[in-house]
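Notes for the one structure printed next.
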Protein chains: 2
Amino acid sequence: MPNRIAGSLASLESHLVGVVVPSLSNIVFPEVLHGINSRLKSSNYQSVISISDYDLEHEEVLVRGLLSWKPAAILIAGFDHTPATSRMLDQCGVRVVEMMDIDSVPIDTAVGMSHRRAGYATGQHLIERGYRRFGYVGHNWTADRRAKLRYDGCCEALSNAGISFVAHAIAEGPSSVANGRAQTARLCDASAVDVVVYSNDDMAVGGVFHCLSTGISIPDQLAIFGFNGLDIGRELPRPLSTVRSNRFLIGEKAIDAILGRPDRPITPNIIDTGFEVFVGATA
Amino acid sequence: MPNRIAGSLASLESHLVGVVVPSLSNIVFPEVLHGINSRLKSSNYQSVISISDYDLEHEEVLVRGLLSWKPAAILIAGFDHTPATSRMLDQCGVRVVEMMDIDSVPIDTAVGMSHRRAGYATGQHLIERGYRRFGYVGHNWTADRRAKLRYDGCCEALSNAGISFVAHAIAEGPSSVANGRAQTARLCDASAVDVVVYSNDDMAVGGVFHCLSTGISIPDQLAIFGFNGLDIGRELPRPLSTVRSNRFLIGEKAIDAILGRPDRPITPNIIDTGFEVFVGATA
DNA sequence: CTGAAAGCGCTTACAG
DNA sequence: CTGAAAGCGCTTACAG
């Protein structure tokens, strides 16, 4: 059995790809990792996965730790980093892919979708379907900039139609089915809306469960719209109306962008993996 | 910024912990990884996660790859390995923790719960609650030995009460909400049962969705019992009756078993993280 | 084409 | 206590 530590030191190539994601509890990140792994399987590269727990200070420690292994690349979720993390990523010279989001200018390469445009598409789609009294149920944006971008995009679409959200219910913690259910209950108690736009599918499934429990008819009494296109949404009694993001594809494209390309592109490279409105039956 | 590759070669200590899990799609494995990471956070060890995709041949490649980085330990899910994998793990000398399951004799240390006993507890609990006509809805056992162990344990409990499963519906693929829903439909078409024992919560949630769609009343017309105690089950209109396994604890205990202990125990060490019947409202 | 030597960037044990 | 040297196990460039 060879010793790759010695091999890497001698050849100055570690064949390691460092990956930093905020969580594995939100199923979108395991899906991205799955895409990464499927592309890496046939290569002689190996991913080293680190979890930041949505903590940018901890992310800094993780990035420093990964860089000390001289990886071929760092794949990191999002654009939100501490100044020190950004500086390290910028100056280390290794390839850097910022994943999920293409709404900012990347250090090297971004692979993902425009969450702003997805939010806009959501608003536009629901207006076309005749909804006018919009509610929003979300989770804490400080750890999830992309949810904020979608909200902003949706507001823009509503604004173009001369309307705006009439009610909000925002959970303090992260997105979850439990938070979606609780905040839907709060929103329904406080205001009358036709349709609720959720920060993501987990929250929206919570909304569906609230309606099933309390006998609110979907979509006649309340329409529900999510984001992500998770498997669970398709299996609900009525398929969840949502926007599909292509998480597996993001992982694949991130690897394609760096494999066999040791040098950064001259100008930042942006790879759009797109999204798609899934009409479903809840809105 | 130091070079840890050179450092590891010089000190002959990599401070790496290799982790092999079959999947990240089944949320139980991310939860175990979360436990591992939470314990590793304050140490100077770093986990290197590999995904086998339920493919034992690929697992062998992964274990060989991890071992070539001279890790302090290998944490691997389950006891099912190719002979070559088992030989490598046995002879490499590094600490080895087999996770999830304690129903076999480990190479070094096992951390997990007895799935056989959990299955037995399920059968016993449902018999005590008066159920007599049992159905089973499951997924492919070849990649999930632990589901088979639970089934066997449940059969034993039924047998002790003089009964047995009257109907089975087994999906060909892995466990999922979609497969649970489809197999529940098949089973309900074919036979009349009081209660269905599911191979896990994902499958059971599919069963709940089938009942919600077709108007079958839970638990009066059909009782549903899962396994794992996932968050989603607790948020259903009626909380899912299930057995809670402690995935986060498994990850934590796996790290506790190896951190600061470079030598294997003289006799195999078994750490039982236990389980707990959650009565819920679906059975 | 083959084989011995140099060197990767650190840690460690040891001479001063 | 300090600092130069040896050595970790490979790869690579080069002498023969």
Side-chain angles (χ1 to χ4, degrees), chain A residues 1-20 40-50 60-76 84-85 87-96 108 255 258-264, chain B residues 1-20 40-50 58-76 84-85 87-96 108 255 258-264:
Chain A
M1 177 151 317
N3 181 333
R4 286 191 77 160
I5 294 179
S8 296
L9 181 62
S11 66
L12 299 177
E13 289 187 300
S14 73
H15 291 271
L16 252 25
V17 174
V19 184
V20 185
L40 247 28
K41 205 167 179 172
S42 54
S43 77
N44 60 339
Y45 284 78
Q46 154 91 48
S47 62
V48 179
I49 300 159
S50 292
E60 184 179 320
V61 173
L62 295 175
V63 167
R64 186 170 291 118
L66 287 174
L67 248 19
S68 73
W69 286 98
K70 304 289 163 195
I74 298 277
L75 316 187
I76 190 164
T85 304
R87 194 163 6 91
M88 280 191 286
L89 291 175
D90 189 28
Q91 295 174 357
C92 65
V94 312
R95 298 297 312 277
V96 172
D108 165 341
I255 293 300
I258 56 111
L259 221 59
R261 302 157 190 252
D263 298 317
R264 293 189 179 177
Chain B
M1 178 151 315
N3 182 333
R4 284 192 78 160
I5 295 179
S8 295
L9 182 61
S11 68
L12 300 175
E13 288 187 303
S14 71
H15 291 271
L16 253 27
V17 174
V19 184
V20 185
L40 246 30
K41 207 166 178 172
S42 55
S43 77
N44 59 341
Y45 283 78
Q46 154 91 49
S47 62
V48 179
I49 299 160
S50 293
H58 189 56
E59 184 188 75
E60 185 179 321
V61 172
L62 296 174
V63 168
R64 187 171 292 116
L66 287 174
L67 250 16
S68 74
W69 285 99
K70 304 288 164 196
I74 298 277
L75 315 188
I76 191 165
T85 303
R87 195 164 4 92
M88 279 189 288
L89 291 175
D90 189 27
Q91 294 174 359
C92 64
V94 311
R95 298 297 313 275
V96 172
D108 165 341
I255 293 299
I258 57 110
L259 220 60
R261 301 158 190 249
D263 298 315
R264 294 188 178 177

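By convention in this document, chain letters (A, B, ...) are assigned in the order of the sequence lines, proteins followed by strands, and residues within each chain are numbered from 1. All values below were derived from every heavy atom in this structure, side-chain atoms included, with hydrogens, water molecules and symmetry-related copies excluded.
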Kindly say whether Pro2(B) contributes a backbone atom to a donor-acceptor pair with the side chain of Ser68(A) at under 3.5 angstrom?
-> no
C1' atom, dG9(C) versus dC14(D): distance in rounded Å?
-> 22 Å
What orientation do Trp69(A) and Trp69(B) show, parallel under 30°, tilted 30 to 60°, or perpendicular over 60°?
-> perpendicular
Please name the residue in the list Leu75(B), Leu89(B), Val63(B) that meets the side chain to side chain contact (heavy atoms under 4.5 Å, CB included) test with Val20(B).
-> Val63(B)
Comparing Ile5(A) and Glu13(A) on DNA chain D - which has the more 5′ nearest nucleotide = Ile5(A)
Would you please test His15(A) and Gln46(A) for side-chain contact (heavy atoms from CB on, under 4.5 Å) and show each step?
-> CA-CA 6 Å; His15(A) 291 271; Gln46(A) 154 91 48; over 6 Å; no
Could you walk me through whether His58(B) and Lys41(A) pass the side-chain contact (heavy atoms from CB on, under 4.5 Å) test, one step at a time?
-> CA-CA 9 Å; His58(B) 189 56; Lys41(A) 205 167 179 172; 3.4 Å; yes
Boundaries of the chain B footprint along DNA chain C (any atom under 4.0 Å from a heavy atom) = dG9(C) to dT12(C)
Does the pair Ser43(A) and Leu259(A) meet the rule for a side-chain contact (heavy atoms from CB on, under 4.5 Å), with working shown?
-> CA-CA 9 Å; Ser43(A) 77; Leu259(A) 221 59; 4.1 Å; yes
Could you go step by step and tell me if Leu67(B) and Met88(B) meet the side-chain contact (heavy atoms from CB on, under 4.5 Å) rule?
-> CA-CA 9 Å; Leu67(B) 250 16; Met88(B) 279 189 288; 4.0 Å; yes
Touch check for Leu9(B), heavy atoms < 4.0 angstrom, all strands: base, sugar-phosphate only, or nothing?
-> base
For DNA chain C, what is the dot-bracket line, given that a base pair needs Watson-Crick (N1 to N3, plus N6-O4 or O6-N4) or G-U wobble (N1-O2 and O6-N3) geometry with both distances under 3.5 Å, and | means paired with another strand?
-> |||.||||||||.|||
Is it true that a side-chain atom of Arg95(A) and a backbone atom of Ala72(A) form a donor plus acceptor pair closer than 3.5 Å?
-> no
